[in-house]
> 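Below: one structure in C-alpha cells.
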Amino acid sequence: MSETRQINVSKTSVPKLALLALGIIFAAGLFVVGFDQGHIFSLVYGEQAFTDLYIHELTHDMRHAAGFPCH
Amino acid sequence: MKTFLFIIIVLISGAFAGFVHGTVNFAIVEPYLDQAIGIENQNLFATGEEEDTPEFWVEYEGYRTWQKGGQILAGVILGVSVGSLFGIVFALSRNSLPGSNDVKKSLVLAGIMWLTLYFIPFLKYPANPPTVGDTETVVLRAILYLTFIAISGFGAVGFYQLSKKLQNNKKLLALLGYGVFISAVFLAMPENPDEITAPMNLVNEFRIMSVLGVTSFWISVGIILGLLWNRLLTKQETPQSYS
Ligand SMILES: [Zn+2]
C-alpha cells in the first residue's frame, strides 16, 4: 500500500520547468495588457514607441474593462 | 506528469477563457467605453484641443475600430497570462482542493482567485471608464492596484499554508485571519487619488459590466482547465498508479 502511494505522489508532482515557463508567460502577458506604455516596442523602434503607444492602444479597451488603470 | 502537455493545456484554457472575456466585453462593455470616450471628445472640443471636423471623426473611427478589435486580442493575451498563473496554482494545490472531480476543484480555485485577486482589489480600486483619471497619476495607480493584488494573493497563500498546520476544527481560523488581514490592508492602502467628474451612473454601470466580463473569464478558465485536465492528465495518471 505504502508503495502505491509513493508512486502516486511522484506521478502528480509538478514539473519545475513548466512552472517557470508559465510564470514567465504570466509576467510578460500581464505587462503587455496592464502596464506597457511603449516599453516593449521601444526595444525595436526606440523613443518613437513611447509616442505611438501601439500596444497601449491595442489593449486599451481591455485594460479599462479588466480594471487596470489606463489614463 | 507530462510537462509539455501540462503547459499546452494551461495555455489553451487561458486563451479560450480570454477569448470569452474579450467577446463578452465586446458585447457589454464597449457601449460604455464609447459613451465615455464621447464625453472625452466633447471635452476636447470645449477646451479647443481638437476641432469638431469630419477629419477628426474619420481618424476617431479608425482608431476606435482598431481598439475594439484589440479588445478580443488583448483578452486572449491577458487570458493566457492569468490562465498561466491559474495553471500554476491549480497544479500545486489540486490535491488539497475540495471537490469530487477536476472541474469542481478547478472551479473552486477559480472562485478563490476571482475573490482574492480580482474582486477584493476591485472593491478598493474599482475599474474606471475613459474620461475618469488623471494621466499624471497612471503609474501610481497601476502600482497601488498591482500591489494590493499581490498582497491579497500572497496573503491568501500564507493563510492557506497556516490552515494546513492547524487542526481540522481550527482551520476556519485561517480564513478569519485572512479576512482580518485583508481588511487592515484595505483600510491602510491609500485611496485612488483621482476625482471622478464623469456622470456617476455611467461609471457605475461600466463597473458592473467590467465585473461581469472578468467573472466570465474566471468561470470559463475554471471549467475549461478542469475539463482538459480531467480528459488529458488525470486519465494518464490513473492506470500508471495501478500498475
Ligand atoms: Zn484609457
Side-chain angles (χ1 to χ4, degrees), chain A residues 1-45 47-71, chain B residues 1 3-4 6-7 10-11 21-22 25-26 29-30 33 36 63 66-71 73-75 77-82 84-85 87-88 91-92 94-95 118 121-122 125-130 133 135 137-139 141-142 144-146 192 206 209-210 213-214 217 237 240-243:
Chain A
M1 278 306 274
S2 65
E3 239 174 85
T4 328
R5 197 178 294 161
Q6 251 181 349
I7 292 166
N8 261 336
V9 170
S10 72
K11 283 283 183 277
T12 47
S13 76
V14 188
K16 295 268 186 312
L17 195 67
L19 297 185
L20 181 70
L22 291 174
I24 292 169
I25 294 170
F26 165 62
L30 195 64
F31 189 87
V32 168
V33 181
F35 230 85
D36 184 78
Q37 300 278 13
H39 302 86
I40 293 174
F41 275 15
S42 76
L43 299 175
V44 187
Y45 298 109
E47 284 301 308
Q48 184 61 32
F50 292 103
T51 334
D52 292 342
L53 293 177
Y54 278 130
I55 294 185
H56 177 101
E57 296 304 341
L58 184 71
T59 60
H60 173 268
D61 287 15
M62 177 51 88
R63 196 179 289 213
H64 276 283
F68 295 106
C70 179
H71 69 264
Chain B
M1 187 194 288
T3 307
F4 185 68
F6 165 59
I7 295 179
V10 169
L11 296 183
H21 186 190
N25 282 349
F26 191 81
V29 182
E30 286 297 347
L33 288 169
Y63 158 89
W66 159 251
Q67 287 187 327
K68 286 181 184 180
Q71 170 86 270
L73 179 59
I77 299 172
L78 184 65
V80 167
S81 163
V82 179
S84 296
L85 179 71
I88 293 173
L92 294 175
R94 180 172 161 267
N95 288 335
Y118 175 67
F122 172 90
Y125 302 114
N128 279 320
T135 320
T137 63
V138 66
V139 173
R141 284 180 284 129
L144 286 177
Y145 186 53
L146 293 177
N192 181 334
F206 169 81
M209 295 308 156
S210 157
V214 176
F217 168 79
E237 238 167 56
Q240 277 167 348
S241 63
Y242 284 122
S243 65

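Below, read A as the first sequence line, B as the second, and so on, with proteins coming before strands; counting in each chain starts at 1.
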> Hey, which of Phe206(B), Phe217(B), Tyr125(B), Tyr118(B) has the most heavy atom pairs under 4.5 Å with chain A?
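Result: the option with the highest number of such pairs is Phe206(B).
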> For chain A, which of Thr3(B), Thr135(B), Asn25(B) has the most heavy-atom pairs under 4.5 Å?
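Counting heavy-atom pairs under 4.5 Å, the top option is Thr3(B).
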> Is Ala21(A) in contact with chain B via its backbone, its side chain, both, or neither, using a 4.5 Å heavy-atom distance?
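Just its side chain gets close to chain B.
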> Measure from the side-chain N and O atoms of Ser81(B) to the backbone N and O of Leu30(A), and report whether any donor-acceptor pair falls under 3.5 Å.
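Indeed, once roles are kept as given, a pair shorter than 3.5 Å links the two residues.
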> Is there side-chain contact between Leu92(B) and Val14(A), with heavy atoms separated by less than 4.5 Å?
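Side-chain contact under 4.5 Å: yes.
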> I'd like to verify something: which residue of Tyr63(B), Trp66(B), Phe122(B) has the highest number of heavy-atom pairs under 4.5 Å with chain A?
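Top count of heavy-atom pairs under 4.5 Å with chain A: Trp66(B).
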> With chain B as the partner, which of Thr59(A), Ile24(A), Ile25(A) has the greatest number of non-hydrogen pairs under 4.5 Å?
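Option with the greatest count: Ile25(A).
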> On a heavy-atom basis, which atom in Pro69(A) and which in Tyr145(B) lie closest, and how many Å separate them?
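Closest approach of Pro69(A) to Tyr145(B): CD-CD2, 4.0 Å.
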> Please name the pair of heavy atoms, one in Met62(A) and one in Gly75(B), separated by the smallest distance, quoted to 0.1 Å.
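Answer, listing the atom of Met62(A) first, then Gly75(B): CE-CA, 3.3 Å.
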> Looking at Ala66(A), is its backbone amide N or carbonyl O close enough to the side chain of Ser210(B) to form a donor-acceptor pair, meaning the two atoms are under 3.5 Å apart?
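No.
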> Could you pull out the closest heavy-atom pair between Val138(B) and Cys70(A), with the gap in Å?
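Shortest heavy-atom contact: CG2-O, 3.2 Å.
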> Any chance you could measure Leu73(B), atom CG, to Asp61(A), atom CG, to the nearest 0.5 Å?
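The distance works out to 12.0 Å.
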> Using non-hydrogen atoms and a 4.5 Å limit, figure out which bit of Leu78(B) sits close to chain A: side chain, backbone, both or neither.
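It is both, since atoms from each part get that close.
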> Side chain, backbone, both or neither: which part of Pro129(B) has a heavy atom under 4.5 Å from chain A?
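For Pro129(B), the contact with chain A is made by the backbone alone.
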> Of all of Gly22(B), Ala127(B), Ala142(B), Gly87(B), which one pairs up most often with chain A through heavy atoms under 4.5 Å apart?
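Ranked by heavy-atom pairs under 4.5 Å with chain A, first place is Ala142(B).
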> Is any side-chain heavy atom of Leu19(A) closer than 4.5 Å to one of Phe6(B)?
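Yes. Closest side-chain heavy atoms under 4.5 Å.
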> Looking at every non-hydrogen atom in both residues, tell me the closest pair between His64(A) and Leu33(B) and how far apart they are.
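It is CB-CD2, 3.9 Å.
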> Highest number of heavy-atom pairs under 4.5 Å with chain A: which of Met209(B), Glu30(B), Lys68(B)?
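Max contact count across the listed options: Glu30(B).
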> Can you tell me which portion of Phe68(A) sits under 4.5 Å from chain B's heavy atoms? Options are side chain, backbone, both or neither.
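For Phe68(A), heavy atoms of backbone and side chain both lie under 4.5 Å from chain B.
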> Between Val33(A) and Ala74(B), which heavy-atom pair has the shortest distance, and what is it?
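Here Val33(A) and Ala74(B) meet closest at CG2-O, 3.8 Å.
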> Please look at Leu144(B) and chain A and tell me whether the side chain, the backbone, both or neither of the residue comes under 4.5 angstrom of a heavy atom of that chain.
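For Leu144(B), neither part sits under 4.5 Å from chain A.
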> In terms of heavy-atom pairs under 4.5 Å, which option from Val80(B), Ile88(B), Val29(B) contacts chain A the most?
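Answer, by heavy-atom pair count under 4.5 Å with chain A: Ile88(B).
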> To the nearest 0.5 Å, what is the distance between CD1 on Ile77(B) and CZ on Phe31(A)?
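Rounded to the nearest 0.5 Å, the CD1-CZ separation comes out at 13.0 Å.
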> Which pair of heavy atoms, one from Ala65(A) and one from Gln71(B), lies closest together, and at what distance?
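Of all heavy-atom pairs spanning Ala65(A) and Gln71(B), the closest is CB-OE1, 4.4 Å.
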